[in-house]
Amino acid sequence: MHLLTAATAPRDDTVAIDLTQTPGEIVVLSAADSDLACLAAARRRLGGDFPSVRLANLLRLGHPLSIDLYDEAVLRHAELVVVRLLGGLSYWPYGAERLVERARAGDLRLALLPGDARDDPELVEASSLPPDALARLGRYANEGGVDNAEQLLRYAASLLGRRIAWHEPATLPRCGIWDAAASGEPPRGSTVPILFYRALLQAGDTAPIEALAAALRAHGLAPLPVFVTSLKEPDAGRLIGELVDRHAPPVILNATGFAVGRLDAGGSDDPLRRADCPVLQVVLAGGDRAGWAEGTRGLAPRDIAMNVALPEIDGRILARAVSFKRQAERDPLTEADIARHEPEPSRVAFVAELAHAWADLRGTPASQRRIALILANYPNRDGRIGNGVGLDTPESAA
């Protein structure tokens, strides 16, 4: 089997990857680069006499051979392993099974944490730490930011018997307006919200949001960057409702994934429906630009599911990917390859131009609008226009 190093491998589970790490006393695994960036920054604060820490992205440990290699080199030597699993045990079954087996044999302290704020009794049952310790570790991770990441590592070291001070998790705002990227001048044109995950702000990984804001300003629009933990949270819904009422945006850019509304609820759970305007879905891709440009399948399956297919349930309009992950230099203290989002200028410009066009259309009187409906005719028979077999699709459209 062809084995790639982490520096040359794609960010998916199609190939085996050797992360080439050495053993560490504390190992933290997460599929969120923002988690790893915060933890790496926190480890730099803690000095040279702190227990050794290793960080790795679960997206790089999808292939069974990748897991075996990492297990042999790192996991079996660790004293404590913390894993954040968005989606439960089924998200990483082979790796979790190996860790749970070793923890139950008494060879390892294991904390399996949900990747979000929801409780997961199955992860608690599979872990070897007591529920109160799991809950505290989970709160550090869910609140996020470098300060909480530092306390997570301090608390983890105390679980190993080290005499290291720590304090309880600090609560951070779950949502808000990111003033640093909002226009500092009175709006020259319509206000266009840009919705993105709070984790990007906490990790300082905001280059795509800044690029989108600058491109909107170049078109005479007033960007309004809004960070959220999830569009499903009530606080986020209230904030978005207030902003929609105040600014009446003609278009919204959404960089959050998954779906908000339920099909059986008619989308009523979606706070963006209140705006009654197009919501353009922009994708912050999890893969690198070279893999996307040279490949034949476009975005990776994970990106398509989270950022294309699921948002369509909410009626989002796919714009395109505006950034890709760029691999940074290896962090020497944690041996982690911290990836960051890097904007793709041509695609950022396209999205800004598209948003500008929607805003112009919103401001055009209905009597002056010229709307075209393009219907597919495949297979090439008039009776199947719009793929409506046996249906009069043109008449229905009329």
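No experiment lies behind these values; they were computed from the predicted model shown.
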Evaluation steps, salt bridge (charged side-chain N to carboxylate O under 4.0 Å, His left out), between Arg45 and Asp147
CA-CA 10 Å; Arg45 291 180 174 181; Asp147 291 340; 2.7 Å; yes
Evaluate whether atom CG of Asp119 has more than 12 neighbouring non-hydrogen atoms of other residues, nucleotides or ligands under 6.0 angstrom away.
no
Would you say that Leu99 contacts Val83 through its side chain, given a criterion of any heavy-atom pair below 4.5 Å between the two side chains?
yes
With Asp33, the salt bridge (Lys or Arg N to Asp or Glu O under 4.0 Å) member among Lys325, Arg60, Arg340
Lys325
Quick check on Trp92: does its CH2 atom have over 12 non-hydrogen neighbours (other residues, nucleotides or ligands) under 6.0 Å away?
yes
Please determine whether a side-chain nitrogen of the Lys or Arg among Asp314 and Arg273 lies less than 4.0 Å from a carboxylate oxygen of the Asp or Glu.
no
Heavy-atom closest pair (Tyr94 atom, Ile67 atom, distance to 0.1 Å) is CD2-CD1, 3.6 Å
Looking only at the side chains, is there a donor atom on one of Asn254 and Thr256 sitting less than 3.5 Å from an acceptor on the other?
yes
Has Arg369 got more than 12 heavy atoms of other residues, nucleotides or ligands less than 6.0 Å from its CZ?
yes
Side-chain touch Arg274/Asp245, heavy atoms, less than 4.5 angstrom:
yes
Side-chain donor/acceptor of Gln21 to backbone N/O of Leu55, under 3.5 Å
yes
Say whether, by atom type as modelled, one donor and one acceptor occur between the side chain of Asn307 and the main chain of Val283 under 3.5 angstrom.
no
Using only atom types and a distance under 3.5 Å, with no angle test, would you say the side chain of Asn148 pairs donor to acceptor with the backbone of Ala170?
yes
Ser52 and Glu25 side chains, donor-acceptor separation under 3.5 Å
yes
Answer yes if the side chains of Thr364 and Gln368 hold a donor-acceptor pair under 3.5 Å, and no otherwise.
no
Is it true that Glu79 and Arg162 have a side-chain N and a carboxylate O under 4.0 angstrom from each other?
yes
Residues Arg174, Asp235: salt bridge by 4.0 Å N-O rule:
no
May I ask you to say whether Glu342 pairs ionically with Arg289, meaning some side-chain N is under 4.0 Å from a carboxylate O?
no
I'd like to know if the side chain of His63 reaches the main chain of Leu65, judged simply by a donor and an acceptor atom lying under 3.5 Å from each other, with no hydrogens or angles considered.
yes
Salt-bridge contact Arg316-Asp270 (side-chain N to carboxylate O under 4.0 Å)
yes
We want to know whether Thr22 and Arg54 form a side-chain donor-acceptor pair, criterion being a heavy-atom distance below 3.5 angstrom.
yes
Take Glu150 and Arg154 through the test salt bridge (charged side-chain N to carboxylate O under 4.0 Å, His left out) and record every step on the way to the result.
CA-CA 6 Å; Glu150 178 183 344; Arg154 286 177 171 275; 3.0 Å; yes
Tell me, with the steps shown, if Asp71 and Arg98 meet salt bridge (charged side-chain N to carboxylate O under 4.0 Å, His left out).
CA-CA 8 Å; Asp71 181 54; Arg98 302 287 295 272; 2.9 Å; yes
Using the side-chain contact (heavy atoms from CB on, under 4.5 Å) definition, which of the options Leu113, Leu134, Leu112, Val82 pairs with Leu129?
Leu134
Looking at Arg76 and Glu72, does any basic side-chain N land under 4.0 Å from a carboxylate oxygen?
yes
So Tyr155 and Trp166, would you call those rings parallel, tilted or perpendicular, with 30° and 60° as cut-offs?
perpendicular
Against the six-membered ring of Phe50, is Arg43 placed for a cation-pi contact (under 6.0 Å from the centre, within 45° of the normal)?
no
Should the heavy atoms of other residues, nucleotides or ligands under 6.0 Å from CD of Glu101 be counted, would the total exceed 12?
no
Electrostatic pair Glu168:Arg139 at N-O distance under 4.0 angstrom
yes
Checking side chain to side chain contact (heavy atoms under 4.5 Å, CB included) for the pair Arg102/Leu110: CA distance, chi angles, key distance, verdict?
CA-CA 9 Å; Arg102 196 167 298 136; Leu110 177 62; over 6 Å; no
Leu231 vs Phe258, test: side chain to side chain contact (heavy atoms under 4.5 Å, CB included). Steps then yes/no.
CA-CA 10 Å; Leu231 291 178; Phe258 303 101; over 6 Å; no
Less than 4.0 angstrom from a charged side-chain N to a carboxylate O is my criterion; do Arg84 and Asp35 meet it?
yes
